[in-house]
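By convention in this document, chain letters (A, B, ...) are assigned in the order of the sequence lines, proteins followed by strands, and residues within each chain are numbered from 1.
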Amino acid sequence: MLRTHTCGELRKSNQSQEATLCGWVDSYRDHGGTIFIDLRDRYGKTQVVFGPESGVELLDQGRTLRSEDVIRVTGIVTDRPEGTINPKLGTGEIELRSTALEILNKCENAPFVPTQQDLPGEDLRLRHRYLDLRRSVMQDTLVQRSRIIKGMRDYFEDNDFVDIETPILGRSTPEGARDYLVPSRVHTGSFFALPQSPQLYKQILMMSGYDRYVQVARCFRDEDLRADRQPEFTQLDMEMSFVEMDDIINMIDGLVAKLAKDLLGLDIPLPLPRMTYDEAMERFGHDAPDLRYGMELIDCTDLAAQAEFRVFRGVADSGGRVRGFNAKGAADKYSRKDIDQLTEYVVQDFKAKGLAWFKVDADGKLASPIAKNFSEELLGQFADRLDAEPGDFLVLSADQWDVTCGVLNGLRRRLAAELKLYDPKAMNFSWVVEFPMFDYDDEEKRWVAMHHPFTAPRPRDIEVLESDPSKARALAYDLVINGSEAGGGTIRIHDNAIQSKVFGLLGMDETTAQERFGFLLDALRLGAPPHGGIALGIDRFVMLFAGLENIRDCIAFPKTQRAADLMTGAPSTVDGKQLRELGLRVGQAAEK
RNA sequence: GGGGCCGUAGCUCAAUUGGUUAGAGUACUGGACUGUCGAUCCAGUGGUUGCGGGUUCGAGUCCCGUCGGCCUCGCCA
């Protein structure tokens, strides 16, 4: 090693020892006859001193040092003089009196320095990621990430899971997300797909007798990005045989409790609370409700049906819903202009036609531009239903059920953030279970799997599978942390007949099913144990555990919203030769 | 594919209703200084206001297009 100690290591007990440190120049303070350098590595900072006793030559050399130079410095560990101890540094009681300096690499004209107080724009940070990753916050996050993954691996190892790798080059399936494709040179005109998840492989592993499988798996989905979504992400993927839903959930409960204890020092009572999908949508309008605050949704459709107000009655009469919630004491926090903005938000983002609202005045009466359309008695009933007290702010959405879900979930999250209704450090874990098996796709005019086509229905729903697919509920479960989906899994179908039936419901004829999933259908007739599993989004776990607001900050080399790597310039065009070898020609749209 | 915000010195930002020579902090360069730790003090360098077009006597500012970053709806089994 070029160093004897790290920059976070030296203490008073090292007094008078000779030590050699390597690191980056964090800052320098030149007083003429004395120069101070804070030398930094990922372990900490140590003050290095070049003084008169260092000699003219060394002092002049020290004077050339600038931020982010990489140096190797040897000196004597010395107690700091009275009154110059720096309590902010772990090494603040000592300093290194330099005797030799080697500049390993100068840093010239850095576009930004990791120590500057105002963070540069994110494009610059991504373009020069090596500078950004030197920031202590980024280093702490990546260390936290490493610990989370180790915690997960230890936990599953302790529970007799086997870590098995599955292929990155696999078969494309049109179901689900868009695939990233890799052309095959050997099979000209054919393509591999990068895995959206190791789903089928892990099921096959269950049929192969590895009854507890785990993998830290990289997954790829070619869909548009979000603050919490990257095209390339990492899952903690696991699968178990001879289990029921409770077994998987209990296993993950134990993991969550362990991670919360080890990393955050939190004691999480188990079992984690559960609610069904139907309950979540009814109470919160979303399948990953944020339970850190209240403002639960309340149905008022029956009251709306009695109103003269056409918007309400029309919606009630046509099978829609009128629902809302009460933002306690928020009436004076929202001006007419603010409410106009809320209205614009729900109209633009959730296809609402408008937003109904009331402020509760000092007498407990509901005040609003639309109040004149209601009898006083009916207003009183709305007030009772919504538990209205003076100063409350009530919002209501009148529309088709799915629109009211979107609108009210959006408003609930927005108001909770604006009104600071929760402690940003609070952690809330819960399960949402029994998702619908299917969603109806209006464009394709067919049923599509809500989770994936291998999901088992609740046993009692097998008979309604064909008669009324919308009623069938799945043995599916999502882990929700602070209103964010942190993982999801299902019990799988382990019966060939049911699997074929589900493929059929999804509009897949037998030939297609055989072609795409023949190997699975075969395996389901050759000794398939009941099995199920789950995948946890590791990036989101880290993000939520670290209290970060976007997923890029917990990934070393993330993509931008347009799915590009600004540092390397990926994706890029390739040589004509490479294309010819693959038998590919780029079309006009791509050339433009 | 739709909606929104942003782009001014290396970096972070300012610039009145469209009006004189586009400013500040920081970084950088030179100088002073033996105890600082956001060192301090003095002086200086630094600009195609992302790019292209338009409106105007006059555009950083208004309009259109385009590139890039972010947020979001759709999308994400």
Side-chain angles (χ1 to χ4, degrees), chain A residues 26-39 45-54 59 66-68 78 80-89 91-92 95 97 107-128 131 173-179 196-197 199-200 219-231 233 341 344-352 403 406-407 410 413-414 435 437-439 441 443 447-455 474 476 485 488 490 502 506 535 537 549-550 552 559-562 564 566:
Chain A
D26 196 70
S27 62
Y28 64 93
R29 298 173 288 281
D30 183 351
H31 289 238
T34 304
I35 299 166
F36 301 95
I37 302 289
D38 285 344
L39 193 63
K45 287 195 256 186
T46 302
Q47 174 163 285
V48 179
V49 186
F50 300 87
E53 73 279 6
S54 304
L59 203 57
R66 292 295 177 272
S67 291
E68 301 307 308
T78 312
R80 290 201 189 187
E82 281 279 328
T84 66
I85 285 171
N86 184 349
K88 291 184 204 161
L89 295 183
T91 62
E95 59 195 15
R97 298 277 174 100
C107 175
E108 292 165 9
N109 299 324
F112 70 94
V113 288
T115 48
Q116 71 186 49
Q117 56 174 8
D118 292 314
L119 211 54
E122 191 161 3
D123 46 347
L124 249 202
R125 291 173 52 205
L126 291 172
R127 204 173 297 282
H128 305 280
L131 297 178
T173 52
E175 288 275 341
R178 219 172 271 123
D179 282 324
Q196 294 175 27
S197 82
Q199 183 59 36
L200 288 166
C219 304
F220 307 86
R221 291 176 194 176
D222 187 6
E223 297 292 345
D224 286 351
L225 286 76
R226 285 286 188 283
D228 62 353
R229 227 159 69 189
Q230 283 272 303
F233 58 102
Q341 283 177 4
E344 197 188 323
Y345 165 61
V346 297
V347 168
Q348 175 60 44
D349 275 13
F350 303 108
K351 310 282 181 284
V403 174
V407 167
R413 286 173 192 254
R414 178 165 168 163
F435 283 66
M437 283 287 287
F438 308 103
D439 242 352
D441 186 325
E443 274 178 35
W447 293 99
V448 294
M450 189 146 177
H451 193 79
H452 59 51
F454 320 109
T455 300
E485 178 195 336
T490 62
V502 169
L506 297 172
E549 283 180 1
N550 85 64
R552 296 180 299 281
K559 307 274 188 290
T560 64
Q561 186 165 58
R562 294 191 62 245
L566 295 183

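The side chain of A:Asp123 has B:G69 as its nearest neighbour among B:U72, B:U12, B:G69. Side-chain proximity of A:Arg229 to the nucleotides B:G2, B:G74, B:C11 is greatest for B:G74. Minimum atom distance to the side chain of A:Ala227 is reached by B:U72, of the listed B:C75, B:U72, B:C70. When the nucleotides B:C11, B:G69, B:C70 are ranked by their closest atom to the side chain of A:Arg562, B:G69 comes out on top.
For A:Leu131 and B:G10, the CG to P distance is 17 Å, given to the nearest whole Å. Across the protein-nucleic acid pair, A:Arg413 atom CZ and B:U72 atom C1' stand 13 Å apart, rounded to whole Å. Across the protein-nucleic acid pair, A:Arg178 atom CZ and B:G74 atom P stand 15 Å apart, rounded to whole Å.
Using modelled atom types and a 3.5 Å distance limit, the side chains of A:Asp26 and A:Thr115 yield no donor-acceptor pair. With no hydrogens or angles considered, no side-chain donor-acceptor pair links A:Arg80 and A:Thr78 at under 3.5 Å. Side chain to side chain, A:Gln47 and A:Asn86 fail the donor-acceptor criterion of an N or O pair below 3.5 Å.
B:C62 is paired with B:G54 under the criterion used here, namely a Watson-Crick or G-U wobble arrangement in which both key atom distances are under 3.5 Å. Base pairing of B:A14 is not made with any nucleotide, judged by Watson-Crick or G-U wobble geometry with both donor-acceptor distances under 3.5 Å. For B:G44, the paired nucleotide is B:C28, the pair qualifying as Watson-Crick or G-U wobble because both relevant distances are below 3.5 Å. Applying the Watson-Crick and G-U wobble criteria (two distances, each under 3.5 Å), B:C70 pairs with B:G4. Of the nucleotides present, none pairs with B:A9 by Watson-Crick or G-U wobble criteria with both distances under 3.5 Å.
Around the CD atom of A:Glu344, the shell of radius 6.0 Å holds no more than 12 heavy atoms that belong to other residues, nucleotides or ligands.
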Quiz item: With the sugar-phosphate defined as primed atoms, P, OP1 and OP2, and the base as all remaining atoms, what B/S/- string results for nucleotides 26-39 of chain B, 5' to 3', for protein heavy atoms under 4.0 Å?
Solution: --SS---BBBBBBB
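Judged by a 6.0 Å distance limit and a 45° cone about the ring axis, A:Arg414 is positioned over the six-membered ring of A:Tyr345. Geometrically, A:Arg66 engages A:Tyr28 in a cation-pi contact, judged by NZ or CZ lying under 6.0 Å from the ring centre and within 45° of the ring axis.
Judged by closest nucleotide on RNA chain B, A:Lys559 is the one of A:Phe350 and A:Lys559 placed further toward the 5' end.
In this structure, A:Ile35 reaches neither bases nor backbone, as no heavy-atom distance under 4.0 Å exists between it and the strands shown.
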